[in-house]
Amino acid sequence: MAQPINTRLIIVKRLANFLLGLHDTPIIIVGSGGAYTVAKAFEYLHSYSQLSSIAKAVTPLELSCLALPIHKSGVILITANGNNSDIIN
């Protein structure tokens, strides 16, 4: 069942506030399947924003193979319903 519009707006507002808090922090967006498409769209939109940080969309496998440490990055996990075990493991 779809969420009420008020609930969706609250979620979007929380996400926007979170992202504004990362204005000077690199962002890694992780997704697989259809969620990867959303991650790429986020990366694309972020590149046209006024934020000074960079964003990179990756799959869970790519995240596990990154040579750079991610502890100073913002990491966003995109999933449709949380049933993809590869994004959490």
Side-chain polar contacts of residues 11-18 - donor-acceptor pairs under 3.5 angstrom, sequence neighbours left out - could you list them?
| unit_1 | atom_1 | unit_2 | atom_2 | d |
| --- | --- | --- | --- | --- |
| N17 | ND2 | K13 | O | 3.4 |

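For the side-chain contact (heavy atoms from CB on, under 4.5 Å) test, residues two or more places apart in sequence or in another chain that qualify with V58 are I28, V30, K56, E62, L63. Scored by the side-chain hydrogen bond (donor to acceptor under 3.5 Å, both in side chains) test, S53 finds H46 as partners (sequence neighbours excluded). Partners of L45 by side-chain contact (heavy atoms from CB on, under 4.5 Å), not counting sequence neighbours: none found.
In this structure, the separation between CD1 on I78 and CZ on F42 is 7.5 Å, given to the nearest 0.5 Å. Here the CD1-OG distance, from I54 to S47, works out to 11.5 Å after rounding to the nearest 0.5 Å. The OG1 atom of T59 lies 12.5 Å from the CD1 atom of I29; values are rounded to the nearest 0.5 Å.
Residues L77 and Y36 do not share a hydrophobic cluster, defined by chaining ILVMFWY side chains whose heavy atoms lie under 4.5 Å apart.
Looking at every heavy atom in both residues, P60 comes nearest to S32 through CD-CB, 3.8 Å.
For residues 24-41, the set of pairs meeting the salt bridge (Lys or Arg N to Asp or Glu O under 4.0 Å) definition, not counting sequence neighbours, comprises K40-E43.
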